[in-house]
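To find a chain, count down the sequence lines: A is the first, B the second, and so on, and within it residues start at 1. Since this is a predicted model, take the numbers as computed values, not measurements.
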Number of protein chains: 2
Amino acid sequence: MPVLFSRACEYALRGLVEMASDPQIEQWTVQDLAQRTETPAPFLAKTFQTLVKHKVLKSTKGRHGGFALLETTKELSVLDIVHIIDGPSLSQDCALGFAECGVDAPCPIHEQWGEIREQLVHVLSSQTLYDFAEKL
Amino acid sequence: MPVLFSRACEYALRGLVEMASDPQIEQWTVQDLAQRTETPAPFLAKTFQTLVKHKVLKSTKGRHGGFALLETTKELSVLDIVHIIDGPSLSQDCALGFAECGVDAPCPIHEQWGEIREQLVHVLSSQTLYDFAEKL
DNA sequence: GATTCAATAGATTCATTCATCCGTTTATTT
DNA sequence: AAATAAACGGATGAATGAATCTATTGAATC
């Protein structure tokens, strides 16, 4: 089991960060990216398609085609990407899986996990793909 | 996908905490526990078997049989249970799934996730099942 | 001793995630 | 116009996690 994100999400982040790390290149093929980031190419291609649908990437078919980051993606946080791929569960679900967990019926670590999660959410929502790219 | 723990682990924790919450009862059947904690009974039974093997629980077969917390379990932290069921991945794996992530080749959130994880580990390792039980 | 009731062990089913394959579409190059 | 190279879409397959089923073992009760 992955730690925080699904494989699809991990791969997507790796690919996006790779793209952000070299803004010179304005067109990336999945083959290239997959090779550079050591991710399974067809799987990466699939999740990139959902990113296209969500206006994170633009794609062009045919020769010299490929993927490119959209301008608006510059303002997207890493958490935004995570939410698109994995949904909001990391940001809102009970850590112990208690369906009824909430202020009125808190699980044993409701308060504590709440604080920790807030920090996590802060770390992920205060940084863009480009911030991530710089750190590599 | 679960947030932090596998379903097996979530169910195990629910069951164990339920047991710790009522130390009067010294023998629990899986049927009882599963009903009280709203967990799938056969699945709970399976993971309880691994807890027996790891000396967290003792079991007795036959009539009036069931499971009981061992004395030594009083000193076990919740993290100990998590490690038994899910392995140490939560405590040590890279959040982004970078195989090479480490001090020499850190991923973009290596440092930050490290701090957050430390807090999480602290929360889970500083509390016993009985501490959890009290909070319910 | 026979019956009952519980955990145990192994096999099996089911669902989800992970990953690949292939035919189609689209744009470029020759 | 034909060939090429890329994303796209849908189907398919593999691996893992979640959950169930069944026969067996062992202990208490009758």
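Of the two residues contacting DNA chain D, namely A/Met1 and A/Phe67, the nearest-nucleotide position lying further toward the 5' end is that of A/Phe67.
Under the side-chain contact (heavy atoms from CB on, under 4.5 Å) criterion, B/Lys58 pairs with B/Ala68, B/Leu70, sequence neighbours left out. Shown here are the ring-ring contact (aromatic ring centres under 6.0 Å, His included) partners of A/Phe43, two or more places apart in sequence or in another chain: A/Tyr11. Taking the side-chain contact (heavy atoms from CB on, under 4.5 Å) definition, one finds that B/Glu115 meets it with B/Glu111, sequence neighbours left out.
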What side-chain donor-acceptor pairs closer than 3.5 Å can you find for residues 22-35 of chain A, not counting sequence neighbours?
from	atom 1	to	atom 2	distance (Å)
A/Gln27	NE2	A/Thr60	OG1	3.0
A/Trp28	NE1	A/Ile25	O	3.4
A/Thr29	OG1	A/Asp32	N	3.1

Show which side-chain atoms of residues 129-136 of chain A pair as donor or acceptor with protein atoms under 3.5 Å away, not counting sequence neighbours.
from	atom 1	to	atom 2	distance (Å)
A/Asp131	OD2	A/Thr128	N	2.9
A/Asp131	OD2	A/Thr128	OG1	3.3
A/Lys135	NZ	A/Gln127	OE1	3.1

Could you list the donor-acceptor pairs under 3.5 angstrom formed by side chains in residues 76-98 of chain B, with sequence neighbours left out?
from	atom 1	to	atom 2	distance (Å)
B/Ser77	OG	B/Leu79	N	3.3
B/Ser77	OG	B/Asp80	N	3.1
B/Ser77	OG	B/Asp80	OD2	3.1
B/Asp80	OD2	B/Ser77	N	2.8
B/His83	NE2	B/Ser91	OG	2.6
B/Asp86	OD1	B/Ser6	OG	2.5
B/Asp86	OD2	B/Ser6	N	3.0

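Listed by first and then second residue, the salt bridge (charged side-chain N to carboxylate O under 4.0 Å, His left out) pairs that reach into residues 67-79 of chain A are A/Glu71-A/Lys74, sequence neighbours excluded. Each salt bridge (charged side-chain N to carboxylate O under 4.0 Å, His left out) pair with one or both residues in residues 9-21 of chain A, not counting sequence neighbours, appears once here: A/Arg7-A/Glu10, A/Glu18-A/Arg36.
You can see that DNA chain D meets the heavy atoms of chain B within a 4.0 Å-exclusive cut from D/dA18 to D/dT29, reading 5' to 3'. The outermost nucleotides of DNA chain C lying under 4.0 Å from heavy atoms of chain A, listed 5' to 3', are C/dC18 to C/dT29.
Side chain of A/His54 to backbone of A/Thr50: a donor-acceptor contact under 3.5 angstrom is found.
Defined by atom type and a distance below 3.5 Å, a donor-acceptor pair is present between the side-chain atoms of B/Gln119 and A/Gln119.
Within a heavy-atom distance below 4.0 Å of DNA chain C, the residues of residues 28-40 of chain A found are A/Pro40. Taking every heavy atom of residues 48-66 of chain A and every atom of DNA chain C, pairs under 4.0 Å involve A/Lys61, A/Gly62, A/Arg63, A/His64, by number.
At a threshold of 4.5 Å between non-hydrogen side-chain atoms, the residues B/Val17 and B/Thr37 do not count as touching. In this structure the side chain of A/Leu16 never reaches within 4.5 angstrom of the side chain of A/Phe67, judged on heavy atoms.
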